[in-house]
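A short worksheet on the structure shown next.
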Amino acid sequence: MDNKMEEVSTSKNFIEQIIDKDLEEGHYNHIQTRFPPEPNGYLHIGHAKSILLNYGLAQKYNGKFNMRFDDTNPTKEKTEFVESIKKDIEWLGADWEDRLFFASDYFTQMYEAAIKLIKKGKAYVCDLTPEQIREYRGTLTEPGKDSPYRDRTIEENLELFQNMKDGKYQDGEKVLRAKIDMASPNINMRDPILYRVAHMEHHRTGNTWCIYPMYDFAHPIEDAIEGITHSICTLEFEDHRPLYDWVVRELEYPVPPKQIEFAKLYLTNVVTGKRYIKKLVEDGIVDGWDDPRLVSLSALRRRGYTPEAIRMFIDLVGVSKGNSSVDYAMLEYCIREDLKLKKNRMMAVLDPIKLVIDNYPEDQVEYLEVANNQENSELGVRSVPFSKELYIEREDFMEEPPKKYFRLFPGNEVRLMNAYFVKCVSFEKDEAGNVKTVHCTYDPQTKSGSGFSERKVKGTIHWVSAAHAVEAEARLYENIVDEEKGKLDEEGNLNLNPNSLEIRKCYVEPDLGKARPEDSFQFVRQGYFCVDSKDTNSEKLVFNRIVSLKSSFKLNK
RNA sequence: UGGGCCAUCGCCAAAUGGUAAGGCACUGGACUCUGACUCCAGCAUUUCAAGGUUCGAAUCCUUGUAGCCCAGCCA
């Protein structure tokens, strides 16, 4: 229809351009990608970029997307992490169908691949200690020197490697190394270690193995075995690509997979470093890996973020090779955009004062019919009780209003949303001098939906009937890292935002009393909230704020 | 004089030698029974810098500058 729009949206990122070229030149006749996490922690928003990028590419090219756990180092990995990772990826909507793999399933093939290299004279067993290996490796500016064990015969290497596998050596005693070039300017090519000895129980293979392959050796093999065409990883592996290609070439795979690197996602005012998250958890600053202030996928889910919003966000952010840090506001935009038409707009008062309608009958209750979402009639209507005594927001009344203040102040008239016009006649303060109660009169002619148009009012405020309201707890979250001070101080510690969590007692519409964990709503003028899915120490309903609404009017405090 | 990568608006990011897309943010204004939403308008004479090639350069060349990554038997 609109070709111009089409053209704009079809601009391809650099990875798609590479793939197009590969297909065109006949390097591959299908596309296969994968997401290969090590099960050593929880997934966060940064991983979502990789997952969605790989999955999206497979979809676009009618290819396949594999899920693969890169579990080649038993010292760090746990089944618990495998489960949480699977759950998060399913939640995001990336479907690996029946292709769930583990690097550990290929240990035998990797072992055989190592033997093949030894037989080709491309790998040798080295007896140097870890310290010696480091010394022999040279530095960034100086070449390394050959290991004295570099010229062992093929037969000797074969036997020694067999012994490694058979558990005849202690951890660290011997390693298998690739024979490449100790003088290479690329440190990764200075006879990198292929296999190390580790007498350690693996979460899947138990004690079957006591030697484990290193990432640089294992990864290309995993990709080749699975028929991966494009092995997409982050920028820090760029220097490893020559080694990746070396392994693939020496092992003579007929359809060599190709590694492509892209820039990781960083978000402003947010902590993604494992080291920092761990510290926050240990210091009790957050209540775990799914604390709603974090950006782990489980935290975002608990906070009320939707997979749709995250997909939109990743899509908006794009893919490139430049290190960058995306403004957190973009993530917030995505969740607002997603929830806008999907969620009911409810009235909730987070900082209550009382409003009494002096001329409203004492015992009268009216049930007002209210649209759940004025912009989406499919969400239907509900009925909201209205009575003489209401709670309204403290900020919606001012004794001495500044200019352009449209809400309640003595003598001013506003609309109670979905109900009547009320005019402020007086107010009461408590001993501390804080406003406690506002008295108004209402005009029965001005009922919502009556078509009354004799006079207009500048402000509309939300309310909740005091006798019917349900008491709840609202948790208002902000970024955990202090925006003003930046991320780290001189000593490398995080500057935390002391106001990252504010807990408020609040009153919500009676309908909200029936809300279930993970249900989410827009609270008029307060933002989007989600019922907490975790047991809390509170008996009350707990609402987590997903995101606040934008506001162009700020009260001067 | 180690190697690799990168540099386009406050933040992401297109543009592949033909005269700087788009989104976020921000700023005006209109509308409004949510100061939201929506709508409309504005927002890079210039692409890290300086030279050069060309009818024409963000794109090519030269020389600088800034940033990121690499010396785990981690991934």
Side-chain angles (χ1 to χ4, degrees), chain A residues 4-5 7-9 11-13 17 36-38 40 70-73 75-77 126 128-130 133-135 137-144 171-177 184-190 192-198 211-212 214-216 218-219 233-242 261 263 265 268 313 315-334 336 340-341 345 347 370 374-375 404-407 414-421 446 448-449 456-462 522-527 549-554:
Chain A
K4 229 172 182 180
M5 290 298 290
E7 269 171 43
V8 170
S9 62
S11 103
K12 301 207 172 188
N13 67 43
Q17 291 177 28
E38 182 184 22
N40 68 345
D70 204 2
D71 54 353
T72 57
N73 181 4
T75 62
K76 295 183 167 186
E77 298 147 7
C126 181
L128 256 24
T129 65
I133 287 185
R134 198 186 322 127
E135 283 165 29
R137 185 153 37 219
T139 68
L140 293 177
T141 52
E142 299 159 322
D171 290 6
E173 205 177 321
K174 281 185 168 51
V175 290
L176 182 73
R177 293 230 249 168
S184 171
N186 182 346
I187 290 188
N188 295 298
M189 298 301 268
R190 318 237 262 230
I193 293 168
L194 268 21
Y195 261 95
R196 79 280 216 178
V197 177
I211 55 171
Y212 293 93
M214 298 289 289
Y215 168 86
D216 284 316
H219 210 86
C233 63
T234 45
L235 251 25
E236 68 269 27
F237 292 104
E238 230 162 356
D239 289 341
H240 296 239
R241 190 169 64 224
E261 311 84 11
L265 170 66
T268 59
F313 174 66
D315 208 48
L316 244 39
V317 161
V319 188
S320 74
K321 292 195 70 162
N323 285 112
S324 61
S325 192
V326 177
D327 195 333
Y328 193 84
M330 210 184 281
L331 217 209
E332 296 188 316
Y333 162 78
C334 292
R336 282 191 207 104
K340 196 156 61 191
L341 296 178
R345 295 171 181 185
M347 294 190 288
V370 171
Q374 290 82 339
E375 283 147 57
K404 299 261 189 93
Y405 183 79
F406 302 145
R407 278 110 94 160
V414 300
R415 174 175 288 284
L416 290 174
M417 196 174 151
N418 303 311
Y420 300 95
F421 282 11
T446 58
S448 186
K456 297 220 180 247
V457 104
K458 269 285 210 186
T460 300
I461 66 174
H462 55 98
Q522 184 188 128
F523 287 176
V524 169
R525 222 177 54 225
Q526 306 289 351
L549 256 27
K550 293 210 290 184
S551 166
S552 51
F553 181 80
K554 304 257 191 286

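Please read these numbers as outputs of a predicted model, since none were measured by experiment. Numbered from 1 within each chain, the chains take letters A, B, ... in sequence-line order.
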Item checked: Base-contact (B) and sugar-phosphate-only (S) positions in nucleotides 3-11 of chain B, heavy-atom cut-off under 4.0 Å, - elsewhere -> BSSS----S
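By the stacking rule of 5.5 Å between ring centres and under 30° between planes, A/Y215 does not stack on the base of B/A75.
The nucleotide whose nearest atom lies closest to any side-chain atom of A/R345 is, among B/A14, B/U34, B/A75, B/U34. Among B/A75, B/C74, B/U34, the nucleotide with an atom closest to any side-chain atom of A/T460 is B/U34. Side-chain atoms of A/Y333 lie closest to B/C24 of the nucleotides B/A36, B/C24, B/C73. The side chain of A/R196 lies closest to B/A75 when the candidates are B/U38, B/A75, B/U34. Side-chain proximity of A/V175 to the nucleotides B/C73, B/C37, B/G35 is greatest for B/C73. Side chain of A/K550, nearest nucleotide from B/A14, B/A36, B/C73: B/A36.
No hydrogens or angles were tested; on distance alone, a donor-acceptor pair under 3.5 Å links the side chain of A/Q522 to the base of B/U34. The base of B/G35 sits within donor-acceptor range of the side chain of A/R407, with an N or O pair under 3.5 Å.
Between the C1' atoms of B/A25 and B/C12, the separation comes to 11 Å (whole Å). Taking the P atoms as reference points, B/U46 lies 24 Å from B/C55, given to the whole Å. Look at the C1' atom in both B/U8 and B/C70: the space between them is 28 Å, to the nearest Å. Between B/A21 and B/C9, the distance separating the two P atoms is 14 Å to the nearest Å. Nucleotides B/G51 and B/U47 have their P atoms positioned 12 Å apart, rounded to a whole Å. Here the separation of B/A20 from B/G29, taken at their P atoms, is 31 Å to the nearest Å. Taking atom C1' on both B/C5 and B/C24, the two are 27 Å apart, rounded to the nearest angstrom. When the C1' atom is used for both B/G2 and B/G17, the distance is 35 Å, rounded to whole Å.
The separation between A/L316 atom CG and B/A25 atom C1' is 13 Å, rounded to whole Å. B/A36 atom P lies 14 Å from atom CD of A/Q526, rounded to whole Å. A/M189 places its CE atom 16 Å from the C1' atom of B/G2, with the value rounded to the nearest Å. Taking atom CD of residue A/E135 and atom C1' of nucleotide B/C73, one finds them 15 Å apart after rounding to whole Å.
Note: A/Y405 and A/F553 have tilted aromatic rings, judged against thresholds of 30 and 60 degrees for the angle between ring planes.
Base pairing in RNA chain B yields stems of at least 3 consecutive Watson-Crick or G-U pairs, both distances under 3.5 Å, namely B:2-5 with B:67-70, B:10-12 with B:22-24, B:26-30 with B:38-42, B:48-52 with B:60-64.
Contacts of A/M347 with the nucleic acid, taken as non-hydrogen atoms under 4.0 Å apart, are absent.
Listed by chain and number, the residues in a salt bridge (Lys or Arg N to Asp or Glu O under 4.0 Å) with A/E173 amount to none (sequence neighbours excluded).
Glycosidic conformation of B/G72 is syn; the angle stays within 90° of 0.
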